[in-house]
Amino acid sequence: MANQVAILLYLCWGIAQCPVGGAGRAFTRDGRETVERWVQQPDTSSPPASACQVSIVNRLDCYPDSLTDEGKCAARNCCWSPVEGALRYRGIPWCFFPSSAGSGYSVTSRSQTPLGFSAVLQRSVPSHWPRDVMKLKLDVTYEAESRVHFKIYDPAVKRYEVPIDTPRVTSPTSHMDYAVTVTPSPFSIRVTRTASDTVLFDSSSTPLIFADQLLQIGTSLPTDSIYGLGEHRQPFMINASQPSRLAFWSRDQPPATNLNLYGDHAFFLGIEASGDAYGVFLLNSNAKEVALGNTDGLGLTYITIGGILDFYIFTGPSPDDVIQQYSRVIGHTFMPPYWSLGFHLCRWGYGSSAGLKKVVKRMRAANMPYDAQWTDIDYMDKHLDWTYDKTKYSTLPDVVADLHAHGQHYVIIVDPGISSTQPNGSYPPYDEGLRDGVFIMREDRTGPLIGKVWPGETAYPDFTNPQTPVWWERMAKSFHDVLPFDGLWTDMNEPSNFVFGSMNGCPPNNTYNTPPYTPGIASGKLPDRTVCPSANQYLSRHYNLHSMYGHFEGIATNRALVSIRQNRSLVISRSTFPGSGRYMGHWTGDNSADWDNLYYSIPAILSFNMFGIPLVGADICGFSGTTTEELCTRWMQLGAFYPFMRNHNAIGSKDQDPAVFGPSAQDSMRTALTTRYTLLPYLYTLFYHSHLTGSMVARPLFFEFPQDTNTYPIDKQFMWGNGLLISPVLEKGKTSVSAYFPRANWYELDSGNLVEGSGSSITLDAPLSKINVHVKGGLVIAFQKPEVTTTLSRLNLFGLLVALNESGSASGDLFWDDGDTVDTIETGQYNFIDFSVAQGKLTSSVVKAGYSSPAMSLGSVVVYGVQSQPVKVTVNSRSMPFQYDTANKALRVTGLSEDLLKPLRVSWSAG
Ligand SMILES: *[C@@H]1O[C@H](CO)[C@@H](O)[C@H](O)[C@H]1NC(C)=O
Ligand SMILES: *[C@@H]1O[C@H](CO)[C@@H](O)[C@H](O)[C@H]1NC(C)=O
Ligand SMILES: *[C@@H]1O[C@H](CO)[C@@H](O)[C@H](O)[C@H]1NC(C)=O
Ligand SMILES: *[C@@H]1O[C@H](CO)[C@@H](O)[C@H](O)[C@H]1NC(C)=O
Ligand SMILES: *[C@@H]1O[C@H](CO)[C@@H](O)[C@H](O)[C@H]1NC(C)=O
């Protein structure tokens, strides 16, 4: 059947009008010319009217390849029913398959298994898609109390499955929060949360299709408030009632709405009106799409063009539970080096090592906290990986030595494309890569696929080949001997290609390059801006592995760095996949310097925290375009609360490092940086928890207040952990901000001024010098006196900020280690301290004391919400002087020097 498809495609290439079932010229959603794909026609009779009674959400697009009309639709024997007011490209097909296409599978047998059950599903009538798998197997595994796993696959022929490590469960769970039911004919599967009787997944309303290159399954939704489904530019909350279609296929695509971006994360969390939450993860790396929208019931439809249907459902019930349950499947985040939580500075186009030196100098002169300097592709010699420009950047090694001498770090960009046109013997990355067979091979396996990226013609390392990480590390090591970088920035790893598929295009007679159905991706063509899906990789076709390219590159890069530096290292990747957070962080790609991009960074940061990649940030002040002093100030203030903070700029735009601006902008930026550096022990502790449990670092408000439905759509404010609420200004010219405060005590970070949250919005002053940050009552937050680098700030005294709740209590903790050594938790080389406060007394308990150099000393304690002036303050039984701010009810005790690894007792007695 594949051959038939191919022949028709080939013959009709470029012909204006082709017969039914053939191909012809057409236009994509964005108006560009494309080639229509062929849709199989098993019969030629027009469908009976009853078969066209398909609800809008269940319509399977019969004409996904172009805009169509009734005549063209009828020619494919499909149903035609325009939807008034709905634009076709927003996701509601006007021309769709009759319902008979979907009612095909029935359960023919069912059996118990040690951890669940299996069923055999049989289709009697083929669907409209080539190569139906007529007999399927369903495996349902009760993996954990709150996690069920089900797989639908071909039991006869092994199909591609996503090569990431997921838990292998071998013993049954003693208790389950859910029930799974299967309806035999037509087959459907349903997962219910037992405690609330909520149906979390129910496939009965959408036809199940399992053809070789078209797999479809749908589910009802118990809520219209869902989150996730990345990487897309969208508000944080996706309203599942609004028709839309999200496509997944990693792409070098500057963020824009309705387009598939750099990464692929087919996970979502839904929050129900009761405040309960659940999650659904489709483990599938093929090009795919999710259609949303409703008329007669909420629903979501998945269409993927390969692999199997492999689902995990998480029952929560709290949002944080859901993310921890998801993280357990994909893996927890790596422990970032402490320095990577400092401020990073980069631009494309420093021009020379002298230009770079100038910026480093003025940053130091301006006293800006600043831990890492980066360089973009212009440091390279002719854009060749693992080289530097010995003319323009002749003194780069000196700049790096100087950074290191100042306790700072250095990060370089590295692209996957390896130049294939250097003279033989002159460029080891290519010569040795070719020798070791590390490159992605052409479809016919006669040689590496050659595309084109920054250095010109390039081959693409296949990081799924076990030889490749060995070669990659060797290249990194020999360059590190010359230029001792501390982190690697893996860009262009969708992988990006400046030509379509390869220098020779892609074999047209090929079902991987032009599959029967292409999800609604930008340009409508799989090979666009990347390598041919038909190309061969070690583990499988690029068709299957495409969206995991950055993931595999990141694993290899992380391993190389750790092995070379023998310390924790930093990998920041543009393309990511579920599980990437175990090895790398992410920045949100090539944004631009405008206010819209400032806002959209928040939904992106929150989404990636849900995706298990908490070390994430957007390019502060904007990558492309020219920033303004006001925008850049606001962006540095917001960016000070990105888990990963980097200011980065495109070539040709004017400088935007903090030190280039006027004195008052510099002051505002320095204040934001200082606030961040002060709070780093708290941020680091949040990463520790994330590493251990999968809980999120940056969180939306509804994670802490799931009962408060007003918080569900909020994405202009966010939290760090459960303690800090950040309310940035996101609009030009504004000096106030409307901020929502859920029911709790909130204290302004610096002053302790109380905001009694009542579940409403309050207008806060927000002059250009200030970002509003509030601490939630009930928290103890550890901080440290800031310095211009973390190398220095780590030597300073700690402080504790106590924010009392309504009952005068609070709790918190602190994780601490050297911030560099690999696996300190596994080897016990860390400290962990619990703090709790009640009735005017703060006590600590040292849970773990495994790291002692330098000593951890407590210099100050600040308590917010002390109702009346204390008469006496004692610290470890010694009476201590203190200050009490009557207006803000804030108690401050300074001048301390207490060993934090000994139990601490601070008490204040009421007047
Ligand atoms: C989602 O959109 C629907 C239809 O426009 C609207 O009725 C509903 O209130 C929205 N839901 C949320 C949570 O905003
Ligand atoms: C490059 O040179 C080496 C040694 O002369 C030779 O063995 C190899 O085949 C050459 N490679 C190519 C691609 O020409
Ligand atoms: C298409 O490929 C098939 C094999 O996959 C081959 O038999 C057929 O001749 C090819 N058609 C053209 C037009 O190249
Ligand atoms: C106050 O905080 C304590 C300790 O974290 C907690 O046990 C208590 O429930 C909180 N009380 C209120 C009213 O939030
Ligand atoms: C590795 O970490 C240790 C401990 O912080 C530090 O002393 C050393 O300089 C680090 N090495 C590198 C190459 O950064």
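Order of appearance sets the numbers: ligands from 1, and atoms from 1 within every ligand. In this chain, numbering begins with 1 at the start of the sequence shown. The figures here come from the full heavy-atom set of this structure, side chains too, leaving out hydrogens, waters and symmetry mates.
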Q. Is ligand 5 less than 4.0 angstrom away from at least one heavy atom of D818?
A.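 Yes; D818 lies near enough to ligand 5 that a heavy-atom distance drops under 4.0 Å.
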Q | Subset of ligand 1 atoms that lie under 4.0 Å from at least one heavy atom of M237 | A |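 Going through ligand 1 atom by atom, the ones under 4.0 Å from M237 are 12 (C), 13 (C), 14 (O).
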Q) At a 4.0 Å threshold, what atoms of ligand 2 neighbour a non-hydrogen atom of N424? A)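 Those atoms are 1 (C), 2 (O), 3 (C), 8 (C), 10 (C), 11 (N), 12 (C), 14 (O).
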Q: Looking only at distances, please establish whether an N/O atom of ligand 1 is found under 3.5 Å from an N/O atom of D224.
A: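 Yes; the residue has a nitrogen or oxygen that sits under 3.5 Å from a nitrogen or oxygen of the ligand.
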Q) Does NZ or CZ of R794 lie under 6.0 Å from the centre of the six-membered ring of W816, at an angle within 45° of the ring axis? A)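 Output yes; distance and angle both within limits.
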Q) Would you say the side chains of D371 and Y677 form a donor-acceptor pair under 3.5 Å? A)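 Yes, side-chain donor-acceptor contact under 3.5 Å.
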Q. At their closest point, which heavy atom of I238 faces which heavy atom of G228, and how far apart are they?
A.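 What the structure gives for the nearest pair is CD1-O, 3.6 Å.
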Q.
On a heavy-atom basis, which atom in P235 and which in Y600 lie closest, and how many Å separate them?
A.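 That closest heavy-atom pairing would be N-CE2, 3.9 Å.
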Q) Salt bridge or not for E704 and R699, using N-O below 4.0 Å? A)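 A salt bridge links E704 with R699.
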Counting non-hydrogen protein atoms only, what is the nearest one to [atom]? Give residue, atom name and distance.
atom                    : value
atom 4 (C) of ligand 1  : Q242 NE2, 3.9 Å
atom 5 (O) of ligand 5  : D820 OD2, 2.7 Å
atom 13 (C) of ligand 2 : L434 CD2, 4.0 Å
atom 14 (O) of ligand 5 : R565 NH2, 3.0 Å
atom 8 (C) of ligand 5  : N567 ND2, 3.7 Å
atom 2 (O) of ligand 1  : N239 ND2, 2.3 Å

Q. Would a line drawn from the ring center of W374 to the ring center of F644 be shorter than 6.0 Å?
A.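 Judged by ring-centre distance (under 6.0 Å), W374 and F644 do meet the cut-off.
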Q) Less than 6.0 Å separating the ring centroids of F832 and Y688? A)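 Yes, close enough.
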Q. Is ligand 1 less than 4.0 angstrom away from at least one heavy atom of S225?
A.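 True for this residue.
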Q. Do any non-hydrogen protein atoms sit less than 4.0 Å from atom 11 (N) of ligand 2?
A.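 Given the 4.0 Å cut-off, atom 11 (N) of ligand 2 counts as touching protein heavy atoms.
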(Q) Among L229, V322, L246, exactly one meets side chain to side chain contact (heavy atoms under 4.5 Å, CB included) together with F268. Which residue is that? (A)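 Answer after filtering L229, V322, L246: L229.
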